[in-house]
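Below is one structure, written out as structure tokens; comments come after it.
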Amino acid sequence: TKVAFIGSGKIGQTIAFNVIMGSYIDEAIIYDIIPELPEKFEHELRHALASRKLKVEVLGTNNIEDVNGADIVVISAGKPRKPGMSRRDLFVDNARIMIDLADKLAKRNRGALYIMVANPVDMMASVFMKYSGEYTISTGDQVETMRMRSYIAKKLKVHVTDVNGYVGGEHGEDAVVLWSTVTVKGKPFDESMGVSKHEVEEYVKKIPGEIIRVMGGTTWGPGTIIEEIIRAVVLNENKVMSIAFPHKYEDEIIHISEPVVVGRTIGPSLEPLLDEKDRWHLMASIKDFYSVYKENLKQLEQSL
Ligand code: NAD
Ligand code: MLT
């Protein structure tokens with residue numbers, strides 16, 4: 001399997017490092033526009049592989065023509081938000097990058113699975129898919145899902161594998177905990193267990209902003225979680241994860257997260273198994289996404 005990593009900034013490096021050290025792919029291509037960055041990162045990775053006695057072919061390059069024939073293309077190229085900003089504020093700047101990449105990558109990597117990481121991640125997946133015509137998924141709310149599980153486990157002093165369940169909707173402030181899926185030691189979540197829903201929801205929404213304020217960006221959490229998504233695809237693990245995949249809505253393809261089986265193909269979705277309330281929340285997310293997305297597309301087209 002050949003995987004291309006487009007963007008080798010903070011999150012791109014963390015994801016690439018985790019995937020390459022996992023040693024389940026044959027080849028990695030690392031691309032960025034910053035001169036020498038991918039090439040020097042390639043050296044670092046080779047040194048790490050030597051220490052672990054692993055063999056993965058790695059190429060770091062500033063030449064987009066080297067990015068060809070990939071099975072999976074992971075896109076983290078783009079601006080990150082600064083403290084106080086919403087991810088949606090990045091729409092126009094990062095969508096311009098996606099339109100440029102859609103043109104350059106699609107013809108060289110036809111039929112690859114494109115995995116969007118750059119924010120606002122779900123909208124960037126929709127933009128990339130619209131302009132490239134290639135099947136694109138977004139890492140979506142698998143990140144929120146792990147934040148939710150980790151927080152409940154910490155508060156209730158249980159092992160994290162005793163907590164199950166998913167967060168869905170749009171990645172970011174509007175993500176919704178799908179409470180009908182949440183269980184602790186196999187029992188449906190109940191506030192009497194020792195933590196309120198509100199507290200969990202606030203944590204999931206606010207913690208990334210706090211990490212960005214102090215550490216300059218989120219890396220280790222999403223870098224590990226996104227590696228697991230890539231591994232599920234490469235190894236055809238058919239794991240249930242909350243990622244955003246294409247949904248046809250009105251005249252657009254949009255990306256919203258819900259629990260879905262992730263392997264070499266994406267689906268089926270577990271949405272029909274959710275309760276009324278959670279399904280209603282997901283539907284509301286889709287509507288909200290659509291109206292904001294259409295407005296943003298209008299602004300983008302005016303700026304082109
Ligand atoms: P960063 O500034 O460290 O890295 C971004 C990289 O993209 C830079 O190296 C830059 O040179 C490169 N780049 C810009 N335009 C490019 C182009 N046209 N082609 C190739 N490379 C290009 O930022 P970061 O912290 O790595 O974050 C990158 C993006 O990922 C941001 O949008 C951020 O919000 C997002 N992010 C998403 C998640 C998630 O869970 N989905 C997690 C962390 C970060
Ligand atoms: C995250 O959730 O860690 C990413 O979307 C980065 C961000 O918060 O901007």
Side-chain angles (χ1 to χ4, degrees), residues 4-18 29-41 60-67 73-105 108 115-125 127-128 131 136-148 150 167 169-175 203-230 241-244 255 257:
F5 298 91
I6 309 302
S8 41
K10 280 194 282 294
I11 191 66
Q13 286 183 23
T14 316
I15 299 167
F17 174 80
N18 278 313
I29 312 168
I30 291 156
Y31 169 79
D32 200 288
I33 50 173
I34 297 179
E36 290 190 65
L37 173 65
E39 187 236 321
K40 293 302 177 287
F41 183 39
T61 179
N62 292 124
N63 184 357
I64 195 86
E65 295 195 355
D66 291 333
V67 186
V73 180
V74 183
I75 306 177
S76 69
K79 284 192 185 167
R81 66 181 167 137
K82 298 212 164 63
M85 279 171 81
S86 146
R87 296 167 183 83
R88 285 178 178 177
D89 298 337
L90 301 165
F91 185 93
V92 172
D93 286 344
N94 286 349
R96 284 199 183 137
I97 295 175
M98 294 317 144
I99 293 172
D100 179 48
L101 288 173
D103 175 50
K104 291 175 173 156
L105 292 172
R108 298 183 170 93
I115 303 181
M116 187 58 64
V117 176
N119 271 312
V121 62
D122 306 314
M123 293 197 190
M124 291 304 102
V127 168
F128 189 86
Y131 284 86
T136 308
I137 59 172
S138 148
T139 57
D141 287 347
Q142 184 63 6
V143 172
E144 273 93 344
T145 294
M146 292 304 151
R147 287 175 179 152
M148 177 271 287
S150 79
V167 179
E170 186 182 348
H171 172 68
E173 287 91 337
D174 296 307
Y203 176 80
V204 169
K205 271 178 212 171
K206 297 208 171 125
I207 194 58
E210 292 296 294
I211 295 170
I212 292 170
R213 182 173 60 76
V214 176
M215 298 180 76
T218 56
T219 51
W220 304 105
T224 306
I225 296 160
I226 294 167
E227 183 272 328
E228 289 223 13
I229 299 172
I230 298 167
M241 296 178 143
S242 187
I243 61 163
H255 287 74
S257 287

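For this chain, numbers begin at 1 and follow the sequence in order. As a basis for the values below, the full set of heavy atoms in this structure was taken, side chains included, without hydrogen atoms, waters or symmetry mates. Counting starts at 1 for both ligands and their atoms, following the listed order.
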Check: Would Ile75 and Thr136 count as a side chain to side chain contact (heavy atoms under 4.5 Å, CB included) if you check the C-alpha gap in whole Å, the side-chain angles of each, and the deciding distance to 0.1 Å?
Finding: CA-CA 10 Å; Ile75 306 177; Thr136 308; over 6 Å; no
Notebook entry, point to check: Taking only heavy atoms of Pro222, which atoms of ligand 1 are found under 4.0 Å from at least one of them?
Noted result: 40 (O), 42 (C)
Next item on the list: For ligand 1, find out whether one of its N or O atoms is nearer than 3.5 Å to an N or O atom of Lys10.
Entry: yes
Checklist line | Test log, rule side chain to side chain contact (heavy atoms under 4.5 Å, CB included), inputs Asp174 and Arg88 | finding: CA-CA 11 Å; Asp174 296 307; Arg88 285 178 178 177; 3.3 Å; yes
Note to self: I need the minimum non-hydrogen distance between Asn62 and Glu36, along with the two atoms involved.
What the structure shows: OD1-N, 3.1 Å
Notebook entry, point to check: Going by the atom numbers of ligand 1, which of them fall below 4.0 Å from some non-hydrogen atom of Ala118?
Noted result: 29 (C), 30 (O), 32 (O), 35 (C)
Item checked: Nearest-0.5 Å distance that lies between atom CZ in Phe17 and atom OG1 in Thr224 -> 10.0 Å
Notebook entry, point to check: Which residue and non-hydrogen atom of the protein lie closest to atom 9 (O) of ligand 1, and at what distance in Å?
Noted result: Asp32 OD2, 2.7 Å
Next item on the list: Look up atom CD1 in Ile97 and atom NZ in Lys79, then write down how far apart they are to the nearest 0.5 Å.
Entry: 7.5 Å
Next item on the list: Starting from atom 15 (N) of ligand 1, find the nearest protein heavy-atom neighbour and note its residue, name and distance.
Entry: Ile33 CD1, 3.5 Å
Margin query: Within the structure, is a non-hydrogen atom of Pro80 found at a distance of less than 4.0 Å from ligand 1?
Written below: yes
Check: If you take all heavy atoms of Tyr31 and Val67, which pair is closest and at what distance?
Finding: CB-CG2, 3.9 Å
Next item on the list: Among all protein heavy atoms, pick out the one at the shortest distance from atom 37 (C) of ligand 1; state its residue, atom name and that distance to 0.1 Å.
Entry: Val117 O, 3.0 Å
Next item on the list: Provide, to 0.1 Å, the distance between atom 22 (C) of ligand 1 and the closest protein heavy atom, together with that atom's residue and name.
Entry: Ala77 CB, 3.4 Å
Check: Between Asp32 and Pro38, what is the shortest heavy-atom contact and its length?
Finding: N-CG, 3.5 Å
Next item on the list: For atom 18 (N) of ligand 1, find the nearest protein heavy atom and state the residue, atom name and distance (0.1 Å precision).
Entry: Ile97 CG2, 3.6 Å
Check: Does ligand 2 have an atom that lies less than 4.0 angstrom from a heavy atom of Glu144?
Finding: no
Item checked: Which of the ligand 2 atoms, numbered from 1, are nearer than 4.0 Å to a heavy atom of Thr218 -> 1 (C), 3 (O), 4 (C), 6 (C)
Check: Which residue holds the protein heavy atom closest to atom 43 (C) of ligand 1, what is that atom called, and what is the gap in Å?
Finding: Thr218 OG1, 3.4 Å
Note to self: Tell me the protein heavy atom at minimum distance from atom 9 (O) of ligand 2, and give that distance in Å.
What the structure shows: Arg81 NE, 2.6 Å
Notebook entry, point to check: At their closest point, which heavy atom of Leu90 faces which heavy atom of Pro80, and how far apart are they?
Noted result: CD2-O, 3.7 Å
Check: Should one rank Gly216, Gly9, Ser138, Ser76 by closest heavy-atom distance to atom 4 (O) of ligand 1, which comes out on top?
Finding: Gly9
Next item on the list: Show which atoms of ligand 1 fall inside a sub-4.0 Å distance from at least one heavy-atom site of Thr139.
Entry: 41 (N)
Check: Among protein heavy atoms, which sits nearest to atom 20 (C) of ligand 1, and what does the distance come to when rounded to 0.1 Å?
Finding: Tyr31 CE2, 3.5 Å
Next item on the list: Look at atom 5 (O) of ligand 2 and say which protein heavy atom is nearest, naming residue and atom and giving the distance to 0.1 Å.
Entry: His171 NE2, 2.6 Å
Item checked: Nearest-0.5 Å distance, CD1 of residue Ile229 to CD1 of residue Ile115 -> 7.0 Å
Notebook entry, point to check: Does Asn119 approach ligand 2 within less than 4.0 angstrom via side chain, backbone, both or neither, non-hydrogen atoms only?
Noted result: side chain
Next item on the list: Please say whether Asp100 places an N or O atom under 3.5 Å from an N or O atom belonging to ligand 1.
Entry: no
Item checked: Asn94 neighbourhood, listing ligand 1 atoms whose heavy-atom distance to it stays under 4.0 Å -> 32 (O)
Notebook entry, point to check: Just which atoms of ligand 1 are under 4.0 Å from any heavy atom in Val143?
Noted result: 40 (O)
Item checked: Atoms in ligand 1 with a heavy atom of Ile34 nearer than 4.0 Å -> 9 (O), 11 (O)
Next item on the list: Check each of Met116, Glu170, Arg87 against Asp122 using the side chain to side chain contact (heavy atoms under 4.5 Å, CB included) test, and report the only one that passes.
Entry: Glu170
Check: For atom 27 (O) of ligand 1, what's the nearest protein heavy atom and its distance?
Finding: Ile11 CG2, 3.7 Å
Check: Relative to ligand 2, is Ile211 under 4.0 angstrom through side chain, backbone, both or neither, heavy atoms considered?
Finding: neither
Notebook entry, point to check: If you look at every heavy atom in Ile64 and Arg108, which pair is closest and at what distance?
Noted result: O-CD, 3.7 Å
Check: What are the atoms of ligand 2, with element, lying closer than 4.0 Å to any heavy atom of Ile212?
Finding: 7 (C), 8 (O), 9 (O)
Notebook entry, point to check: What's the spacing between Met146 CE and Asp141 CG if we round to 0.5 Å?
Noted result: 11.5 Å
Notebook entry, point to check: Could an N or O of ligand 1 be found under 3.5 Å from any N or O of Lys79, whether backbone or side chain?
Noted result: yes
Note to self: Check this for me, if you would: do Arg213 and Glu210 make a salt bridge, where the nitrogen-to-carboxylate-oxygen distance has to be below 4.0 angstrom?
What the structure shows: yes
Note to self: So, taking the atom named CZ in Phe5 and the one named CD1 in Ile15, what distance separates them when rounded to the nearest 0.5 Å?
What the structure shows: 7.5 Å
Next item on the list: Mind checking whether Arg147 contacts ligand 2 via backbone (N, CA, C, O), side chain (CB onward), both or neither, at a 4.0 Å heavy-atom cut-off?
Entry: side chain
Next item on the list: Identify, by atom number and element, the atoms of ligand 2 in contact range of Arg87, meaning under 4.0 Å from any of its heavy atoms.
Entry: 1 (C), 2 (O), 4 (C), 5 (O), 7 (C), 8 (O), 9 (O)
Next item on the list: Any chance you could measure Ile30, atom CD1, to Lys40, atom NZ, to the nearest 0.5 Å?
Entry: 13.5 Å
Note to self: So which atom in Ile243 and which in Thr139 form the shortest heavy-atom distance, rounded to 0.1 Å?
What the structure shows: CG2-O, 3.9 Å
